[in-house]
Amino acid sequence: MLIKRPDDIAPSEITPQALFEGRRGFIKAAGATALVGAALAAGLPRRAWANGKFADLQKSPYSVLEPPNSLRDITTYNNFVEFGFGGKSQPAERAGAMRTHPWTVGIEGLVQKPRTLAIEDVLKIAPLEERIYRLRCVEGWSMVIPWVGFPLNALLKQVEPLGNAKYVEFITQMEPAAMPGLRLPYIDFPYTEGLRLDEAMHPLTIMAVGLYGDALPNQNGAPLRLVVPWKYGFKSGKSIVKIRFTDKQPQTAWNQAQPDEYGFYANVNPDVSHPRWSQEKERRIGEFFKRKTLPFNGYADQVAPLYAGMDLRKFY
Ligand code: MTE
């Protein structure tokens, strides 16, 4: 897929939220004509779906009804330290150099049937869905992102986890020629993340392979990344090459880099502040006023039972 750099994206190609909503059938008939007419008058758009790779996406009951951020916000305001620590626009400027094809994902460890799957086969594991999720970063900003993906549990079941598997570790790509950030000492690469098995198997946890109906841009973690909507964004490892089942809690990139700042669980929790950033409120990218951060990022009904009996101040 041709990924445009931000400088090449003409304002006329930025996905209009109104038209996106119209495509998803959210717009009531009365307003639809005017909105679509306005979008077409602005010369919009071709990128997100006219040649979209994912045509027949199932809609998910787990989607939030909030309006998604624009494609431009989602693809130019990123964290991806393999491409440097130089600001939110750096991944979009640099990640185009990463090779994403051919791509395989190894699934191994405490499993009955370890497998290595080509990305083409990963895409066939389960019907692809559109999942509109909030993403809340520990730094205090948030977005709403229309992911394309499928439940991670469908992929994990392929290898038949053994009874003593308790955790799942995610290991991400290292391509030194394309990733200048790998030379920086701050993180012990490869970037890794980890989940408890029940978190990984939860139906809200997805493998994302696209957004806005199109394949994932490199800066967002092409060709596949984890998305765990009730946890801070950093739990969502990008460009995954290996998934390993273990019986011990895996070390993760941020725990290793700054153990006093990042816990293993990283559940969105307005009551537990990060040493540098309060977690009480968040600024939705594109908005001026802050909004209150919700426990578990608004997904408490579905996921709070996973942590029953745990002291979430200790297990942050
Ligand atoms: N995955 C890898 N491989 N490398 C990273 O630096 N950053 C994490 C996470 N996944 C990161 C990663 C952080 S800190 C966040 S907030 C999210 O990706 C950001 O995802 P986005 O850029 O698609 O919004």
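Whatever order the structure lists ligands and atoms in, that order sets their numbers, starting from 1.
- Applying the ring-ring contact (aromatic ring centres under 6.0 Å, His included) rule to Tyr232 yields no partners; only residues at least two apart in sequence or on another chain are considered.
- Taking the ring-ring contact (aromatic ring centres under 6.0 Å, His included) definition, one finds that Phe264 meets it with Tyr167, sequence neighbours left out.
- No more than 12 heavy atoms of other residues, nucleotides or ligands shown are found within 6.0 angstrom of CD on Glu280.
- Checked by atom type and distance alone, the side chain of Arg134 pairs as donor or acceptor with a backbone atom of Asn297 at under 3.5 Å.
- Sorted by chain and number, the residues within 4.0 Å of ligand 1 by heavy atom are Asn78, Asn79, Phe80, Val81, Glu82, Cys137, Thr172, Tyr191, Asn220, Arg225, Gly233, Phe234, Ser236, Gly237, Lys238.
- Side-chain atoms of Gln279 and Arg136 form a donor-acceptor pair, as typed in the model, at a separation below 3.5 Å.
- When the salt bridge (charged side-chain N to carboxylate O under 4.0 Å, His left out) test is applied to Lys113, the partners found at least two apart in sequence or on another chain are Glu160.
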